[in-house]
Amino acid sequence: MHPRLQQDLTQFPQILDHTRQLAEDFLAGLRERSVCPPLTQQQLQPGDDRLAENGEGALAALDDFWQRYQAGISASAGPRYFGFVTGGGTPAAVAADWLVSVTDQNSQLSHDTIAAAIELAAVTQLKSLLGLPEAFSGSLVSGATMANFAGLAIGRQWLGQQHGVDIAQRGLAALGPIRVLAANPHSSSVKALSMLGIGRDALTTVASLPDSEAMDMAALERQLAAGEGRPTLVLASAGTVNTVAFDDLPRLLALRERYPFWLHVDAAFGGVAACSPLYAPRLEGWQHADSITVDAHKWLNVPYDSAIQFTRHLNLQMQVFQNHSAYLEAPTPRPDNYLHLTPENSRRFRALPLWLTLKAYGRSGIRDIVERNVRLAQALGAALAADDGFQLLAPVNLNVVCFALSHPQGDSEAARDRFLERLNRHGVVRCTPTTYNRQPGIRAALVNWMTEERDIRLALDSLRHCLAETA
């Protein structure tokens with residue numbers, strides 16, 4: 001054995017203890033850490049792109065990394081990171097994630113690990129949490145991009161089946177062009193269309209309702225009627241990224257009775273709202289969708305990367321993703337045979353942090369995170385609406401506040417960018433830019449399990465301070 005490997009094997013307990021101490025120090029300072037380190041601290045230092053001949057061992061490498069680069073790590077796991085839709089990691093999920101690396105299981109039905117059984121249990125419990133029926137199967141993938149990819153790939157196979165074509169076997173050319181209809185699809189779904197060979201140009205944007213990102217069902221019906229008989233995928237939003245708008249799922253289901261199409265519901269973060277009786281009605285009907293995307297590394301606060309793809313069409317899913325080889329078990333239609341159900345063959349045991357989170361906090365714990373985040377987002381929105389320096393671009397529908405500067409100096413987009421630059425340098429709260437109704441805006445998405453009222457006060461103080469400095 002190489003001397004460094006032998007040394008690290010001997011010192012393994014010290015290495016883990018030192019790592020634990022680094023993690024403890026990081027978490028202890030998380031609330032004070034900058035949410036956006038300066039760009040100068042995000043650069044690689046000289047020499048760290050060159051491969052060493054013999055290496056320096058784990059303890060020295062750990063210390064070198066931490067001393068050189070810990071200042072460049074953002075507080076994205078903390079309570080005032082409102083950028084994008086970024087969850088944190090609950091204590092249970094972080095502990096589980098460490099064990100995932102330590103145990104290093106290939107999460108398949110290989111008959112030598114509990115991993116597949118834990119994943120099936122996690123999916124079963126999540127369906128219970130979200131009110132989804134047993135008819136759905138589910139599997140863990142890396143994020144919404146791959147969950148949307150999987151759902152649309154199964155939908156592509158279903159469209160072929162309706163026309164007597166096995167696309168998984170014969171290829172997309174055997175079916176011909178597919179039509180995709182959506183009002184405000186997430187960019188990951190558009191990316192999936194490219195990867196699936198359907199093509200970005202297959203997407204027809206359906207009109208939204210006035211002053212909303214939700215789909216106009218009358219406009220959708222006109223599109224469906226105009227192309228009746230064409231293979232069609234409809235992408236519904238259950239929580240858009242700008243305003244958390246929900247498409248009218250009951251009306252979509254009624255239209256599906258008249259114009260058969262595959263209904264995919266992108267509920268990457270909005271779907272978790274189904275755990276609360278206050279917000280579950282917004283997802284009425286999603287239990288009848290053909291495929292669904294839900295992220296775990298957003299509102300469920302499981303470390304990256306983790307998402308769940310659900311479908312009611314397990315056999316079609318296996319047709320798409322089955323993997324034949326002499327040394328592998330043959331595909332069988334069971335919901336835990338994950339080798340044949342996702343784009344990946346080898347898979348990290350990413351179900352463990354989700355399962356342990358649900359076991360540790362239960363239904364009421366997840367509901368608390370959701371309802372508290374929504375309550376705090378509404379408080380933030382109300383404070384911004386009452387402040388002369390800011391204006392809401394849309395009502396606070398759930399946990400995202402979409403707002404803008406009321407009196408931008410000069411070009412409104414440039415003024416917005418200058419303000420966000422100042423906010424990032426201040427380091428207290430992270431928000432990200434967007435455009436809504438052709439107006440430059442700012443997003444604050446609240447999904448972190450630690451966010452409390454004091455964080456809203458600190459965020460507002462920082463927003464007002466940076467506005468004064470920008471003016």
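Quick caveat: nothing in here was measured; it's all calculated off a predicted structure.
- Smallest separation of non-hydrogen atoms from Ala273 and Leu283: C-CD1, 4.3 Å.
- Here the side chains of Arg334 and Leu109 are in contact, with some heavy-atom distance below 4.5 Å.
- Asn148 and Thr293 share a donor-acceptor pair across their side chains, judged by distance under 3.5 Å alone.
- Using a cut-off of 4.0 Å between Lys/Arg side-chain N and Asp/Glu carboxylate O, Arg348 and Asp97 are scored as salt-bridged.
- Remark: the Ser237 side chain and the Asp266 side chain contain no N/O donor-acceptor pair separated by less than 3.5 Å.
- How far CG of Asp248 is from CG of Asp216: 10.5 Å, rounded to the nearest 0.5 Å.
- For the 3.5 Å distance criterion, the side chains of Trp299 and Asn373 qualify, holding a donor opposite an acceptor.
- For Gln125 (side chain) and Trp355 (main-chain N/O), no donor-acceptor pair under 3.5 Å exists by modelled atom type.
- Side-chain contact, Gln319 with Asn315: no donor N or O sits under 3.5 Å from an acceptor N or O.
- Checked against a 6.0 Å centroid threshold, the rings of Trp262 and His313 count as neighbours.
- Judged purely by atom type and a 3.5 angstrom limit, His186 uses its side chain to pair as donor or acceptor with the backbone of Ser188.
- Put simply, the side chain of Leu233 does not reach to within 4.5 Å of the side chain of Phe261, judged on heavy atoms.
- A 4.5 Å side-chain heavy-atom check between Asn448 and Phe82 finds every atom pair outside the cut-off.
- Side-chain contact check for Asp63 versus His18: some heavy-atom pair is nearer than 4.5 Å.
- A side-chain N or O of Ser110 and one of Asp112 form a donor-acceptor pair less than 3.5 Å apart.
- Asn301 and Thr357 share no donor-acceptor pair across their side chains, judged by distance under 3.5 Å alone.
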Please step through side chain to side chain contact (heavy atoms under 4.5 Å, CB included) for the pair Val428 and Val35, ending with a clear verdict.
CA-CA 6 Å; Val428 174; Val35 294; over 6 Å; no
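- A salt bridge is defined here as a Lys NZ or Arg NE, NH1 or NH2 lying under 4.0 Å from an Asp or Glu carboxylate O, and Asp166 with Arg170 fails to meet this definition.
- Remark: the backbone N or O of Pro185 is not paired with any side-chain donor or acceptor of Ser189 at under 3.5 angstrom.
- In summary, Arg20 and Glu24 engage in a salt bridge, as defined by a charged side-chain N under 4.0 Å from a carboxylate O.
- Two residues are said to be in side-chain contact when any heavy atoms from C-beta on lie closer than 4.5 Å; Phe84 and Arg430 meet this criterion.
- Closest heavy-atom contact between Ala444 and Phe403: CB-CE2, 4.3 Å.
- Between the side chains of Gln378 and Asn399, no donor-acceptor pair is found at a separation under 3.5 Å.
- The number of heavy-atom neighbours closer than 6.0 Å to CD of Glu371, taken from other residues, nucleotides and ligands shown, is above 12.
- For the atom pair Glu284 CD and Phe246 CZ, the distance stands at 13.0 Å (nearest 0.5 Å).
- Within the 3.5 Å criterion, the main-chain N or O of Ser76 finds no donor-acceptor partner in the side chain of Thr86.
- Note on Arg350 versus Glu119: no salt bridge recorded, every NZ/NE/NH1/NH2 to OD/OE distance being 4.0 Å or above.
- When atom types are taken as modelled, the side chain of Arg156 and the backbone of Ile178 share no donor-acceptor pair closer than 3.5 angstrom.
- Annotation for Phe65: atom CZ counts as buried by contact number, over 12 foreign heavy atoms lying within 6.0 Å.
- Considering all non-hydrogen atoms of both residues, Tyr361 and Ala92 come closest at OH-N, 3.1 Å.
- Aromatic ring centroids of Tyr304 and His297 lie under 6.0 Å apart.
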Take Arg363 and Ser128, measure what side-chain hydrogen bond (donor to acceptor under 3.5 Å, both in side chains) needs, and give me the verdict at the end.
CA-CA 9 Å; Arg363 190 184 306 273; Ser128 174; 3.0 Å; yes
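- The environment of CD in Glu453 is sparse: at most 12 heavy-atom neighbours from other residues, nucleotides or ligands sit within 6.0 Å.
- Listed here is the closest heavy atom pair of Pro353 and Val302: CB-CG1, 3.7 Å.
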What do the steps show when you test Leu175 against Leu159 for side chain to side chain contact (heavy atoms under 4.5 Å, CB included), and what is the final call?
CA-CA 8 Å; Leu175 175 63; Leu159 292 177; 4.1 Å; yes
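- Among all heavy-atom pairs drawn from Val396 and Gly381, the shortest one is CG2-CA, 4.0 Å.
- With rounding to the nearest 0.5 Å, the separation of OG in Ser74 from OH in Tyr81 is 5.0 Å.
- Side-chain atoms of Arg33 and Gln70 include a donor-acceptor pair closer than 3.5 Å.
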Before giving the answer on side-chain hydrogen bond (donor to acceptor under 3.5 Å, both in side chains), spell out for Gln309 and Thr342 the whole-Å C-alpha distance, their side-chain angles and the decisive distance to 0.1 Å.
CA-CA 9 Å; Gln309 66 80 27; Thr342 75; over 6 Å; no
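- A cation-pi contact, defined as under 6.0 Å to the ring centre and within 45° of the axis, links Arg312 to Phe136.
- If you take OG1 on Thr90 and CD1 on Ile369, they are separated by 7.0 Å, rounding to the nearest 0.5 Å.
- Thr232 and Arg179 share a side-chain donor-acceptor pair at under 3.5 Å.
- For Gln105 and Thr113, the side-chain atoms include at least one donor-acceptor pair closer than 3.5 Å.
- Side-chain contact of Thr434 with Arg443: a donor-acceptor pair under 3.5 Å is absent, judged by distance alone.
- Within the 4.5 Å cutoff, no side-chain heavy atoms of Val429 are placed close to those of Leu458.
- Counting only distance, with no hydrogens or angles, the side chain of Arg367 and the backbone of Leu129 share no donor-acceptor pair below 3.5 Å.
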Take Gln317 and Thr311 through the side-chain hydrogen bond (donor to acceptor under 3.5 Å, both in side chains) test and state the conclusion after the steps.
CA-CA 8 Å; Gln317 182 173 3; Thr311 187; 5.3 Å; no
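- Put simply, the side chain of Glu452 reaches to within 4.5 Å of the side chain of Asp455, judged on heavy atoms.
- Shortest non-hydrogen contact noted between Leu446 and Thr451 is CD2-CG2, 4.4 Å.
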CA sep, side-chain torsions, deciding dist, call: Leu341, Phe321, side chain to side chain contact (heavy atoms under 4.5 Å, CB included):
CA-CA 5 Å; Leu341 297 179; Phe321 294 113; 5.5 Å; no
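- Expressed to the nearest 0.5 Å, how far CG of Leu316 lies from CG of Asp290 amounts to 9.5 Å.
- When each of Leu235, Thr205, Leu203, Leu220 is checked for a side-chain contact (heavy atoms from CB on, under 4.5 Å) with Leu181, only Leu220 meets the rule.
- Distance CG/Leu130 to CD1/Ile292: 8.5 Å, rounded to 0.5 Å.
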For Asp17 and Gln21: C-alpha separation, side-chain torsions, deciding distance, then whether side-chain hydrogen bond (donor to acceptor under 3.5 Å, both in side chains) applies.
CA-CA 6 Å; Asp17 187 62; Gln21 188 61 58; over 6 Å; no
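- Between Leu140 and Arg347, the closest side-chain pair of non-hydrogen atoms falls below 4.5 Å.
- With 3.5 Å as the limit, one finds no donor-acceptor pair spanning the side chains of Glu213 and Ser208.
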